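Okay, so here's the structure we're looking at.
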Amino acid sequence: MVKNTLISVISEEEKRGSVEFQVFRFTNKIRRLTSHLELHKKDYSSQRGLRKILGKRQRLLAYLAKKNRVRYKELIGLLSIRETKTR
């Protein structure tokens, strides 16, 4: 499973405060909230929380893309998320 391999890679190489680990945690929260919102469509508080987490992850990914493009590409490949749009 991708989750277990990524945790082991990040835990061994990086600290828990690293950008990669934070993006990983936000991605897990996003997936969990998305599945919750499929069942509870009118849960507006969770929708707001999801939008806030999406924004945080987007800002972290933009920072990582600016600082280290190779690590960014590797991370979005591991997490199977789309590349962020550039302005």
Side-chain angles (χ1 to χ4, degrees):
M1 184 175 199
V2 174
K3 180 179 176 181
N4 291 334
T5 58
L6 187 63
I7 287 176
S8 64
V9 168
I10 289 176
S11 297
E12 291 173 5
E13 296 177 6
E14 302 289 333
K15 303 283 188 244
R16 296 221 184 261
S18 69
V19 175
E20 288 91 347
F21 188 78
Q22 290 179 45
V23 170
F24 169 71
R25 293 285 305 267
F26 285 143
T27 301
N28 284 341
K29 284 183 180 182
I30 289 167
R31 288 181 178 150
R32 190 176 64 237
L33 276 172
T34 303
S35 65
H36 169 78
L37 287 170
E38 287 174 356
L39 295 174
H40 308 283
K41 296 184 186 337
K42 293 191 176 187
D43 188 355
Y44 300 116
S45 297
S46 292
Q47 286 179 11
R48 181 174 184 262
L50 176 63
R51 285 193 301 269
K52 288 182 79 164
I53 292 171
L54 282 168
K56 286 180 184 180
R57 184 179 75 173
Q58 185 177 11
R59 286 191 300 272
L60 281 171
L61 285 171
Y63 168 79
L64 186 62
K66 187 168 50 171
K67 291 293 181 182
N68 192 339
R69 193 72 177 173
V70 175
R71 283 175 38 193
Y72 168 76
K73 290 281 190 183
E74 184 179 302
L75 183 64
I76 62 172
L78 279 173
L79 294 176
S80 64
I81 55 178
R82 290 182 289 173
E83 193 166 346
T84 57
K85 295 179 182 177
T86 56
R87 293 181 182 187

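The model shown is predicted, which means the values in this text are computed figures rather than measured ones. This chain uses plain numbering: 1 for the first residue, then up along the sequence.
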Side chain to side chain, [X] and [Y], heavy atoms closer than 4.5 Å:
{"X": "Glu83", "Y": "Tyr72", "value": "yes"}
{"X": "Ser46", "Y": "His40", "value": "no"}
{"X": "Leu75", "Y": "Leu64", "value": "yes"}

Nearest 0.5 Å, what's the [atom1]-[atom2] distance between [X] and [Y]?
{"X": "Ile76", "Y": "Thr27", "atom1": "CD1", "atom2": "OG1", "value": "11.0 Å"}
{"X": "Arg59", "Y": "Leu54", "atom1": "CZ", "atom2": "CG", "value": "10.5 Å"}
{"X": "Leu79", "Y": "Glu74", "atom1": "CG", "atom2": "CD", "value": "10.5 Å"}
{"X": "Leu61", "Y": "Gln22", "atom1": "CG", "atom2": "CD", "value": "11.0 Å"}
{"X": "Ile53", "Y": "Asn28", "atom1": "CD1", "atom2": "CG", "value": "11.0 Å"}
{"X": "Gln58", "Y": "Ile81", "atom1": "CD", "atom2": "CD1", "value": "10.5 Å"}

Polar side-chain atom of Gln47 near backbone of Lys41 as donor-acceptor pair, under 3.5 Å: yes
Crowding at CZ, Arg31 (>12 non-hydrogen neighbours, <6.0 Å):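 Yes, enclosed.
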Ser35 versus Arg32, closest heavy-atom pair with distance: OG-O, 2.8 Å
Glu20/Lys67 under salt bridge (charged side-chain N to carboxylate O under 4.0 Å, His left out): CA gap, chis, key distance, verdict: CA-CA 12 Å; Glu20 288 91 347; Lys67 291 293 181 182; over 6 Å; no
